[in-house]
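Chain letters run A, B, ... following the sequence lines, proteins first and then strands; every chain starts at 1. All heavy atoms count here, side chains included; hydrogens, waters and symmetry mates do not.
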Number of protein chains: 2
Amino acid sequence: MPESKNAPLGDCCEETAVHEDLIESVRADMPDIAVLYDLAELYRIFADSTRIRILYVLFEKEVCVCDIAELLNMTVSAVSHQLRLLRGAHLVRFRRVGKVCFYSLADDHVKTIIGQGIEHLTEG
Amino acid sequence: MPESKNAPLGDCCEETAVHEDLIESVRADMPDIAVLYDLAELYRIFADSTRIRILYVLFEKEVCVCDIAELLNMTVSAVSHQLRLLRGAHLVRFRRVGKVCFYSLADDHVKTIIGQGIEHLTEG
DNA sequence: TTATCATTTGAACGATTGTTCAAATGATTA
DNA sequence: TAATCATTTGAACAATCGTTCAAATGATAA
């Protein structure tokens, strides 16, 4: 966390009255910093088109790694690296059947989050 | 877009029958690649705790840049850089009053998207 | 056992990101 | 006009990210 230089304490913009109260109330309602870090980390998973494409592949049913790779026209290795991140964020599950690993969506939050994003894009 | 090396065309995992149909149907339901890029770009904005904190500051009411900077204990410059990204994604608006710029949330999608994220974190 | 297949993993690379610093606008006041 | 304030902008930097390549697991079959 960097040290503040430009921002004076308690007053800025030469108006002091309103700002004090504002700062108090905002600070009170702000969630714990740890939650905000986790939140940013979650959205970082969605912040790559490859991972979003992987999630879309899993929308309908579970798919094995090499099928995902073929669908996205990518190497199995690259897909596997991204699946690792998706697993870490608990966005996908996988089960092993012999040599093959089938991946699927962990829950419905993926669909709702992506749905909200598309809504923002199309309505905005 | 990199060239596929590992993934064979049409068959993989030594099972060919089911996969062909799957690939067809997934390819048909996959959104346009441009939409997926825009979607990833949108979530990239949420993928940083500083920007999420800025959005939280704006949850209640419009706030000027130096107040945001003070609330987050950051330089005005750093905040301004991030506000630029938020503006570019149409997540915040701003209006100028004299020398001061007040920023506010552009619409309710910000709250719903962040809400979904928190839900995923707390329920998972 | 050996061989092969499906997947994972680690290191390396260029590309992107967030912050800092200094300089440049934009707007008000003297 | 000049001076000051609030904010923006550009360049630079370390840090992080996504892919590639090669090597390592994990599991099945010969």
message = So, using side-chain contact (heavy atoms from CB on, under 4.5 Å) as the criterion, who are the partners of B:Asp108 when residues are at least two apart?
response = none
key: Whole angstrom value for the distance that separates P of C:dT7 from CZ of A:Arg95   = 13 Å
inquiry  = The side chain of B:Ala78 is closest to which nucleotide in this list: C:dT7, D:dA6, C:dT20?
reply    = C:dT20
Set of residues satisfying side-chain hydrogen bond (donor to acceptor under 3.5 Å, both in side chains) with respect to A:Tyr103, sequence neighbours excluded = A:Arg87
key: Whole-Å gap separating C1' (C:dT16) and OH (B:Tyr37)   = 14 Å
Pairing residues for A:Ile118 by the side-chain contact (heavy atoms from CB on, under 4.5 Å) criterion, not counting sequence neighbours = A:Tyr56, A:Ile114, A:Thr122, B:Leu39
key: Length of the line joining B:Leu83:CG and C:dT19:P, which is rounded to integer Å   = 12 Å
inquiry  = According to side-chain hydrogen bond (donor to acceptor under 3.5 Å, both in side chains), who are the partners of A:Ser104, at least two apart in sequence or on a separate chain?
reply    = none
ask   = At under 4.0 Å between heavy atoms, what does B:Phe94 touch on the DNA or RNA strands: base, sugar-phosphate, or nothing?
value = nothing
ask   = Does a side-chain heavy-atom distance below 4.5 Å link B:Arg53 with B:Leu71?
value = no
ask   = Hey, does the side chain of A:Thr75 come within less than 4.0 Å of D:dT20's phosphate (OP1/OP2), counting only N and O?
value = yes
Nucleotides 22-30 of chain D: protein proximity per nucleotide (B base, S sugar-phosphate only, - neither; heavy atom, under 4.0 Å) = B---BBS--
inquiry  = Just N and O in the side chain of B:Arg84: are any of them under 4.0 Å from OP1 or OP2 of D:dT8?
reply    = no
remark   = Sorted by chain and residue number, the side-chain hydrogen bond (donor to acceptor under 3.5 Å, both in side chains) partners of A:Arg93 (sequence neighbours excluded) come out as none
ask   = Residues two or more places apart in sequence or in another chain: which of them pass side-chain hydrogen bond (donor to acceptor under 3.5 Å, both in side chains) with B:Arg27?
value = none
key: Nearest-Å distance for atom pair CZ/C1', residues A:Phe102 and C:dT8   = 17 Å
ask   = What is the distance, rounded to the nearest whole Å, between atom OH of B:Tyr103 and atom C1' of D:dA6?
value = 11 Å
key: Contacts of A:Ser49 that satisfy side-chain contact (heavy atoms from CB on, under 4.5 Å) - sequence neighbours left out   = B:Tyr37, B:Ala40
request  = Spell out protein contact along nucleotides 13-18 of chain D as letters: B when the base is contacted, S when just the sugar-phosphate is, - when no protein heavy atom is under 4.0 Å; keep the 5' to 3' order.
outcome  = ----SS
key: B:Arg95 and B:Glu62, any side-chain heavy atoms less than 4.5 Å apart   = yes
task = Quickly work out the B:Phe46 CZ to C:dG18 P distance and round it to whole Å.
result = 14 Å
task = Starting at atom NE2 of B:His81, determine the distance to atom C1' of D:dG10, rounded to an integer number of angstrom.
result = 7 Å
